[in-house]
Novice: 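Below you will find the structure I want to go over with you.
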Number of protein chains: 4
Amino acid sequence: MNEPTGGSRRRRRPKQQRSRATVDAIVEAARRSLGRYGALRTTAEQIARIAGVSIGTFYQYFPDKISVYSDLLDHLSGRLHRQLESVSAPATTAEGALSAIVSAYLGALRDNVAAAQQLLGQRHLLEPPERLQARHKQLHTWLVGLFDQHLPNDAPQNDLPAFVLLKAVHGVAHGATLEKPETLADGSLEHELLALVRGYLAERKKQ
Amino acid sequence: MNEPTGGSRRRRRPKQQRSRATVDAIVEAARRSLGRYGALRTTAEQIARIAGVSIGTFYQYFPDKISVYSDLLDHLSGRLHRQLESVSAPATTAEGALSAIVSAYLGALRDNVAAAQQLLGQRHLLEPPERLQARHKQLHTWLVGLFDQHLPNDAPQNDLPAFVLLKAVHGVAHGATLEKPETLADGSLEHELLALVRGYLAERKKQ
Amino acid sequence: MNEPTGGSRRRRRPKQQRSRATVDAIVEAARRSLGRYGALRTTAEQIARIAGVSIGTFYQYFPDKISVYSDLLDHLSGRLHRQLESVSAPATTAEGALSAIVSAYLGALRDNVAAAQQLLGQRHLLEPPERLQARHKQLHTWLVGLFDQHLPNDAPQNDLPAFVLLKAVHGVAHGATLEKPETLADGSLEHELLALVRGYLAERKKQ
Amino acid sequence: MNEPTGGSRRRRRPKQQRSRATVDAIVEAARRSLGRYGALRTTAEQIARIAGVSIGTFYQYFPDKISVYSDLLDHLSGRLHRQLESVSAPATTAEGALSAIVSAYLGALRDNVAAAQQLLGQRHLLEPPERLQARHKQLHTWLVGLFDQHLPNDAPQNDLPAFVLLKAVHGVAHGATLEKPETLADGSLEHELLALVRGYLAERKKQ
DNA sequence: TATGAATGAGTATTCATTCAT
DNA sequence: GATGAATGAATACTCATTCAT
């Protein structure tokens, strides 16, 4: 769950159970602080305090504040990715595949949007998060393939459609988490998103 | 264009022509700096330097750094809103109305998304931007009305659909501005967005 | 009333009625601001605003902020001095002379203690206010003379007694202005002060 | 000696021996700087430098510059109060009691008047120093009691006389510390002050 | 190892003063 | 002359990071 990443420069490699727990606590504290107070108000002290450790311990495990963000970003995207992976496998129809992926996406999102948005806002500071990039690309490629396979285009130009679909789902999911979280829980959002996806697919087939 | 807003707490009311221009320059500089360097890297000095004024002048017109962000947010949303207003008027078909609004939205967005995203990331610091909220609500209401009028529902429950459509367009537009800005210029994005909107509308009509 | 002083470095010499009024207004504004807000909160802008002039005008008449304080100090001490002068002349008994001077002193003090204290607090910044020094010395000398004349000492050492009397009256008067201003008005303070002075004098005569 | 006070808003509660010493050093440095350079010339940096700590350490223990003044004021008045308390106990004659208290007062004052005056000048900024007020009131009450007991008045109105005596001693002591510090050391000031007090007492007895 | 005291570069902010209009 | 916009050195204050205990 917290394997050392390329993006983060962890100072020491935790081997004992104790240390692993500390690292997790710090990353989790960063997530909460970012979500609650925003990036400008999130200080290293703040994170350490929420995590229940001293500032000294904080720097025993992370070389600097940014690297906690890197870890967090990786942590969040990893969670999402694992959910999506379980879908990628066998998909008879495009609708079925998209339906499954929308469902998985919403499931993975739940309580992490606030922190995720803050992280996105810090992208000026975060080193190019390779692994995250890779995952996005993977998902995108998968979507393009799906479109290529199911849309009757001669010269398929499905790069942009896949992008649009991704961002649309993204945007709706983020917005809902912030402004209509109840629709995430009662399934109504998922219902609408499927309509959005189905409609777009149908529209693309016409062309 | 820069009339004093509810959200901003201007320190001095500019009386001469000169100072009006100064205030505009500072807000514009804040927009650029936020877009280029991000919120954490944007200092008051930085903004003042880009605006070509001294730090003293900066604080002559703004009580603190945050208040420039308030002004900027209001400025940007005002610009967008004006574009959208010109559409709201006569709309024969739902498709026509939506097409016009998508087009207007993309037009207004062009070079402000970067700054806008940074601002959204600071929402913890910005006072509840009433005017912005009001504008969002207005647009949402307009969309609900459009759906109520054109969809054959007996008991119309179009609050969520309107929300979904708004956020989907929002998400796609933001994503594209950041990652595929060329599609904003060559019209291909608009084409896809219209397909998305049309498809969703068709799908909703079936229910 | 506002003749140019040694201590203050006035920038231009006011000749018209208009300018004289402006200078007075600024000095008076300084007095009020010092009394109300204290030295740390009294800015040049503040003084100018209270005086009802622009900051530009302020610096048209005074080379810097300190020089207003100099003028004010001189103004206040001048008022006190003029009161005392009218007494210095013929004094049959020591009691009579002291009684008159106490009375004059209290009369001059009334509403200026607050500002005066602030000024005293700025003595690190004010250049040695020669004229003020001179006045103090004059008063002190006069007191010493009074003691020499009326006390039956062979080798009169009345420097310290004069000092003590001066400071005692000073301290009581200041304290009363701040904490018991009503006793200044109803004469009860003067009554007590006279007792203090008389008692000290009697005590000194014994030695 | 430096227990947390009502007036001060300490930022961090010192836990180790080290930090306790640091706080003391900062308060002591503030005392020196106020006395030497005055309030306007005393900066946070200045205080930190004199204390031999970094500016960061300063703000680790005090939320802002003013709060050091609060602590200092409390510190000084506490010192004075402790001196006076040791006297209050057994007093055969009024003269004896007053003599003892004058002596104690002068002893406590020695090197703190300069700083104390600066602090008094800042009373606009300092929160109402309750504890200081309480101490003044206590001393005043004690004096009134002393007068009530020793003066042959039928309807004793000793509030003002006590006030006068307090302020007179105060004024003389302050003035001497600033202008004739040698008289504090050689005992001549104490001698004169006792004459002042004795004389006033005698004068009051006549009425 | 954990702690928290200490550091100081970096930012925010003020305010005396100048100068174009 | 009067005005107030502009200036920038000086000061207040923050927070990532180090290090003694």
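Below, all heavy atoms of this structure are taken into account, side chains as well, without hydrogens, waters or symmetry copies. Here the structure is a predicted model, which means the values were calculated and not measured. Below, read A as the first sequence line, B as the second, and so on, with proteins coming before strands; counting in each chain starts at 1.
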Novice: Supply the atom-to-atom distance B/Gln46 CD to B/Ile55 CD1, rounded to the nearest 0.5 angstrom.
Specialist: 11.0 Å

Novice: What nucleotide, of E/dT17, F/dT17, F/dA12, holds the atom closest to the side chain of D/Tyr59?
Specialist: F/dA12

Novice: Yes or no on side-chain hydrogen bond (donor to acceptor under 3.5 Å, both in side chains) for A/Ser54 and A/Thr57, after CA distance, side-chain angles and deciding distance?
Specialist: CA-CA 5 Å; A/Ser54 72; A/Thr57 299; 3.2 Å; yes

Novice: Select one nucleotide: of F/dT3, F/dA5, F/dC13, the one nearest the side-chain heavy atoms of C/Val53.
Specialist: F/dT3

Novice: To the closest 0.5 Å, what do you measure between NE2 (B/His75) and CG (B/Leu73)?
Specialist: 11.5 Å

Novice: Choose from F/dT17, E/dA16, E/dA5 the nucleotide whose nearest atom is closest to any side-chain atom of D/Tyr61.
Specialist: E/dA5

Novice: Between D/Phe62 (CZ) and F/dA12 (P), how many Å, whole number?
Specialist: 15 Å

Novice: Please compare D/Thr42 and C/Gly56 by the position of their nearest nucleotide in DNA chain F and report the one closer to 5'.
Specialist: C/Gly56

Novice: What's the closest nucleotide to the D/Gln60 side chain, out of E/dA6, E/dA2, F/dT18?
Specialist: E/dA6

Novice: Under a 3.5 Å cut-off on both pairing distances, which runs of 3 or more consecutive Watson-Crick or G-U pairs involve DNA chain F?
Specialist: E:2-21 with F:2-21

Novice: The side chain of B/Ile55 is closest to which nucleotide in this list: F/dT17, E/dA16, F/dG8?
Specialist: F/dG8

Novice: Starting at atom CD of A/Glu45, determine the distance to atom C1' of E/dA5, rounded to an integer number of angstrom.
Specialist: 11 Å

Novice: With respect to the phosphate group of E/dA6, does any side-chain polar atom (N or O) of D/Thr22 fall under 4.0 Å of OP1 or OP2?
Specialist: yes

Novice: Among F/dT17, E/dT17, F/dA6, which is the nearest nucleotide to the side chain of C/Lys65?
Specialist: E/dT17

Novice: F/dA6 P sits how many Å from B/Asp24 CG, rounded?
Specialist: 12 Å

Novice: For the pair made of CZ in C/Arg20 and C1' in F/dG1, what is the distance, rounded to whole Å?
Specialist: 18 Å

Novice: For D/Phe58 and for A/Gly52, find the nucleotide of DNA chain E with the closest heavy atom, then tell me which residue's nucleotide is more 5'.
Specialist: A/Gly52

Novice: Between P on E/dT7 and CZ on D/Arg49, what's the gap in Å once rounded to a whole number?
Specialist: 14 Å

Novice: Is any side-chain heavy atom of C/Phe62 closer than 4.5 Å to a side-chain heavy atom of C/Val23?
Specialist: yes

Novice: Quick check for you: to the nearest 0.5 Å, what is the distance between D/Phe58 atom CZ and D/Thr22 atom OG1?
Specialist: 13.0 Å

Novice: Can you tell me which nucleotide in E/dT11, E/dA2, F/dA6 comes closest to the side chain of A/Ser54?
Specialist: E/dA2

Novice: Where is the tightest heavy-atom contact between B/Lys65 and B/Tyr59, given as atom of each residue plus distance?
Specialist: N-OH, 4.4 Å

Novice: Would you classify D/Thr57 as touching base, sugar-phosphate or nothing, given that sugar-phosphate means primed atoms plus P, OP1 and OP2, and contacts are heavy atoms under 4.0 Å?
Specialist: base

Novice: What distance separates A/Asp71 CG from A/Asp24 CG, expressed to the nearest 0.5 Å?
Specialist: 9.5 Å

Novice: Of all the nucleotides listed (E/dA12, F/dT18, E/dA6), which has the minimum atom distance to the side chain of B/Ala44?
Specialist: E/dA12

